[in-house]
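Data block below; observations after.
Here, residue 1 is the first one in the sequence, and each next residue gets the next number. Predicted model only: the values in this text are computed from it and were never measured. Both ligands and their constituent atoms are indexed starting at 1 by order of listing. In what follows, every heavy atom counts, from backbone to side chain, and hydrogens, waters and symmetry copies are set aside.
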Amino acid sequence: MRASLLQVAVNEGEPVESRRRRVAGMVRDQAGADLVVLPELWTTGAFAYEEFAGEAEPLEGPTFEAMAEAASDAGVWLHAGSIPERDPGGPLYNTSLVFSPSGDLAAAYRKIHRFGFDKGEAVLMGAGDQLVTVRLPHTVVGVATCYDLRFPELFRGLVDAGAETFVVPAGWPERRRDHWTLLARARAVENQAFVLACGTAGTHAGVPQAGHSIVVDPWGEVLAEAGPGEEALTVDFDPAAVAGTRERFPALKDRVLGLDRPRR
Ligand SMILES: O=C(O)CCC(=O)C(=O)O
């Protein structure tokens with residue numbers, strides 16, 4: 001299976017509409033890949049809090065339209081990263097969109113863990129409450145977004161729902177790049193799953209982005225890692241390695257369930 005992670009540069013000064021067109025072109029250039037992945041909130045930037053309300057879109061808004069068309073033109077599965085979604089009558093959500101090669105929406109995931117503690121995304125957006133998996137021809141994808149990477153129980157839930165490959169779009173800041181790499185590898189090792197984690201490059205809202213998108217195999221080996229700038233990170237991997245690893249080293253079978261609930 002071939003995946004291309006498009007580490008988009010999100011810099012101030014590029015209008016959202018231009019970036020949308022540019023990114024659609026980057027997706028079209030990936031014809032021949034099985035799966036293309038974009039980062040979190042690449043239209044505005046994950047830290048451009050003051051842009052969220054103005055750039056929020058309905059689910060089937062301009063980014064949806066452009067990405068559906070690009071997926072179908074390229075004939076690829078497309079995890080189109082996330083958009084600031086305006087739910088009519090409700091709050092904003094940080095919503096990821098996954099398209100099939102015919103350009104149909106295969107899944108939408110509203111980020112569960114919002115970043116910012118008592119400001120930023122945590123107060124500007126609502127929280128999702130649904131785990132989302134998507135069956136691709138080669139693997140079952142479990143979807144998570146950026147800060148979600150810090151919450152292992154979400155990934156265990158995705159494993160229980162059948163996930164073999166985690167796709168994690170992000171807008172991770174450079175100042176915590178070590179955590180990004182460490183957590184991506186940890187989620188891969190503990191769940192014996194592939195992790196495809198796609199971040200942004202550039203600087204927006206004064207926050208330099210980490211880049212360093214990363215692909216990790218179920219044994220925790222880094223198969224590919226991007227540099228700091230905009231790039232397409234392409235990797236070939238064998239999804240059967242998940243079943244192989246889980247069979248040879250069956251640690252998941254030794255789970256003791258219910259430890260996250262208090263005992264009497
Ligand atoms: O957890 C972190 O350090 C970064 C999270 C983040 O930037 C986000 O979720 O947008």
Side-chain angles (χ1 to χ4, degrees), residues 5-12 16 19 23 37-57 63 79-86 91-97 108-132 142-158 166-188 190-191 195-214 216 225-226 228 230:
L5 281 57
L6 302 183
Q7 181 170 284
V8 176
V10 179
N11 286 307
E12 270 130 11
V16 168
R19 189 175 307 123
V23 169
V37 182
L38 291 171
E40 178 189 32
L41 296 177
W42 54 267
T43 56
T44 55
F47 288 87
Y49 303 136
E50 63 291 347
E51 309 289 323
F52 289 174
E55 296 293 346
E57 318 174 22
T63 304
H79 186 312
S82 69
I83 58 166
E85 179 204 353
R86 183 178 296 287
L92 305 184
Y93 291 100
N94 184 339
T95 304
S96 287
L97 304 171
Y109 165 68
R110 287 174 169 167
K111 184 178 181 182
I112 292 176
H113 301 94
R114 297 155 300 162
F115 183 63
F117 310 115
D118 55 357
K119 48 185 193 311
E121 181 189 30
V123 294
L124 295 170
M125 289 187 170
D129 59 4
Q130 302 286 319
L131 296 184
V132 172
V143 184
T145 307
C146 202
Y147 188 49
D148 282 337
L149 198 54
R150 293 186 183 272
F151 300 88
E153 60 277 17
L154 182 151
F155 290 79
R156 274 291 149 87
L158 291 170
F166 300 126
V167 177
V168 188
W172 203 274
E174 165 60 21
R175 60 177 167 264
R176 290 188 294 280
R177 174 151 68 86
D178 285 354
H179 293 191
W180 166 248
T181 315
L182 182 68
L183 290 166
R185 292 191 67 198
R187 297 296 85 85
E190 73 196 0
N191 296 296
V195 171
L196 278 54
C198 180
T200 44
T203 296
H204 66 271
V207 182
Q209 296 293 288
H212 285 267
S213 296
I214 190 166
V216 190
E225 185 171 340
E230 180 164 291

- Item | Rounded distance [0.5 Å steps], CG in Leu183 versus CD1 in Ile214 |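 Going from the CG atom of Leu183 to the CD1 atom of Ile214 covers 10.5 Å.
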- Query: Can you tell me how far the CZ atom of Arg114 sits from the CG atom of Leu124, to the nearest 0.5 Å?
  - Reply: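 So the CZ of Arg114 and the CG of Leu124 are separated by 10.0 Å.
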- Message: Does either side chain, that of Thr44 or that of Glu51, offer a donor lying less than 3.5 Å from an acceptor on the other one?
- Response: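 Distance-only check fails for Thr44 and Glu51.
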- Message: With no hydrogens and no angle check, just 3.5 Å: does a side-chain donor-acceptor pair link Glu40 and Thr145?
- Response: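 Absent: no donor and acceptor within the cut-off.
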- Query: Can His113 be said to touch ligand 1, with heavy atoms closer than 4.0 Å?
  - Reply: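 Under 4.0 Å: no for His113.
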With heavy atoms under 4.0 Å as the rule, classify the contact between [X] and ligand 1 as side chain, backbone, both or neither.
X	result
His179	neither
Lys111	side chain
Arg150	side chain
Pro173	side chain

- Task: Examine Glu121 against ligand 1 and note whether any of their N/O atoms are separated by less than 3.5 Å.
- Result: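 N/O-N/O distance under 3.5 Å: no.
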- Message: Students often mix this up, so state it plainly: with edges at 30° and 60°, are the rings of Phe151 and Tyr147 parallel, tilted or perpendicular?
- Response: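 Phe151 vs Tyr147 ring planes: perpendicular.
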- Query: Between Trp172 and Trp180, what is the ring plane arrangement, given parallel below 30°, perpendicular above 60°, and tilted in between?
  - Reply: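 Ring orientation of Trp172 relative to Trp180: tilted.
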- Query: Short list, please: which atoms of ligand 1 are under 4.0 Å from a heavy atom of Gly171?
  - Reply: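 Listed by number with element: 7 (O).
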- Atoms in ligand 1 flagged as close to Arg176, the criterion being non-hydrogen separation under 4.0 Å: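 Close to Arg176: 2 (C), 3 (O), 4 (C).
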- Query: Under a 4.0 Å N-O cut-off, is there an ion pair linking Arg177 with Glu174?
  - Reply: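 Yes, Arg177 and Glu174 are salt-bridged.
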- Task: Looking only at protein heavy atoms, identify the closest one to atom 8 (C) of ligand 1 and say how far it is in Å.
- Result: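 Looking at atom 8 (C) of ligand 1, the protein heavy atom closest to it is Cys146 SG, 3.0 Å.
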- Task: From the options Phe151, Tyr147, Phe47, select the one whose nearest heavy atom is closest to atom 7 (O) of ligand 1.
- Result: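 When every heavy atom of Phe151, Tyr147, Phe47 is considered, Phe47 comes closest to atom 7 (O) of ligand 1.
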